[in-house]
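Structure first, commentary second.
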Protein chains: 2
Amino acid sequence: MYQPKMEKDIRCPLECGLEVCGGKWKSRIICVLAEKSTLRYSALRKEMTNITDAVLAAALKELIKDEMVERTQYNEIPPRVEYRLSGKGNSVIPILQSICKWSGAYHREDHANTLLQCQKCDFLYR
Amino acid sequence: MYQPKMEKDIRCPLECGLEVCGGKWKSRIICVLAEKSTLRYSALRKEMTNITDAVLAAALKELIKDEMVERTQYNEIPPRVEYRLSGKGNSVIPILQSICKWSGAYHREDHANTLLQCQKCDFLYR
DNA sequence: CAGTATCCTATTAGATACTG
DNA sequence: CAGTATCTAATAGGATACTG
């Protein structure tokens, strides 16, 4: 997962852009890092609630490869690793905000309940 | 495909928003409809190059369900069906444009070649 | 603590044949 | 023409056990 065996189709900037935030976990990770600034691996996993290590580690590798997230490793015992958004990662936040507002506008009535139950992107409204 | 058997997780507006444009084909369909305004089923399939009917029909159903696309059926023989963006569908175009520009800015040097090979979202720059 | 390695399931996408 | 029905392949995501 996150390591396709076959070469992907040629993508345009739009599809590349959608992809770096796509999938089940990447937008959530970007949101919590945007809000909390810096998080250790274990804190990030706790924020994600129910993610497994295999999946979190794979998502983080993707985000690092796409230069959305930076990883800092401190050579201490026990080990400490911190994750934060890169410049590129921070620069996508206004776009996520506009998606949030656009999408929210079309869900006011029918899915209000759904929208209230996930708090990850709440800070995007503030 | 596009008809999950299990209930999806609760999503926030951000994730809902990303989803209506996500997957391999939906952003492409939105782009060609934005550019060409109205297209028949067969014209749409031709624009997509290499999509199969099963996949195109499923993607269109999703887009219609999400109220991004409107379908008009003319009861003629042979049958004629036209697809066009809804108000909601049109209102997402500026956002796709901002994703395009953001993503393109970070790919100027390294992936220039990749970016030149898909023309679907070219009009978003104009 | 911060991950890997392995195996498995669910979902998405594609190929092909057929139809009102 | 505009799809549907089936079957298969590829990929994303998850469970569990283990490690420097």
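Protein chains get the first letters and strands the later ones, always in sequence-line order, with residue 1 at the start of each.
- Summary of the strand contacts: Asp53(A) and Ser42(B) both lie near DNA chain D, and taking for each the nucleotide with the nearest heavy atom, the more 5' one is attributed to Ser42(B).
- Neither OP1 nor OP2 of dT12(C) sits under 4.0 Å from any side-chain N or O of Trp25(B).
- In summary, Glu15(B) and Lys24(A) do not engage in a salt bridge, as defined by a charged side-chain N under 4.0 Å from a carboxylate O.
- Between Gln73(B) atom CD and dA2(D) atom P there is a gap of 10 Å when expressed in whole angstrom units.
- The base-pairing partner of dG20(D), taking Watson-Crick or G-U wobble contacts with both distances under 3.5 Å, is dC1(C).
- Salt-bridge check for Lys26(A) with Glu62(A): passed, with a basic side-chain N closer than 4.0 Å to an acidic carboxylate O.
- Within the nucleic acid shown, Arg40(A) comes within 4.0 Å of sugar-phosphate atoms alone, with no base atom in reach, counting heavy atoms only.
- Side chain of Arg80(B), nearest nucleotide from dG3(C), dA2(D), dA15(D): dA2(D).
- Residue Tyr83(B) is in sugar-phosphate contact alone, with no base atom involved, counting any heavy-atom pair closer than 4.0 Å across all strands shown.
- Atom OH of Tyr74(B) and atom P of dA2(D) are 12 Å apart (whole Å).
- With a 3.5 Å ceiling on both atom-pair distances, the Watson-Crick or G-U wobble partner of dA10(C) is dT11(D).
- Here the P atom of nucleotide dC1(D) and the CG atom of Leu56(B) are 14 Å apart, to the nearest Å.
- In this structure, CG of Leu60(A) is placed 17 Å from P of dC1(C), rounded to the nearest angstrom.
- A donor-acceptor contact shorter than 3.5 Å is absent between the side chain of Lys36(A) and the backbone of Arg84(A).
- Of the side-chain N and O atoms in Lys61(B), one or more sit less than 4.0 angstrom from OP1 or OP2 of dT4(D).
- Rounded to whole Å, the distance from CD on Glu76(B) to C1' on dG20(C) is 16 Å.
- One N or O on the side chain of Ser86(A) and one on the backbone of Met68(A) form a donor-acceptor pair closer than 3.5 Å.
- The side chain of Ala54(A) lies closest to dT6(C), out of dA13(C), dT6(C), dT16(C).
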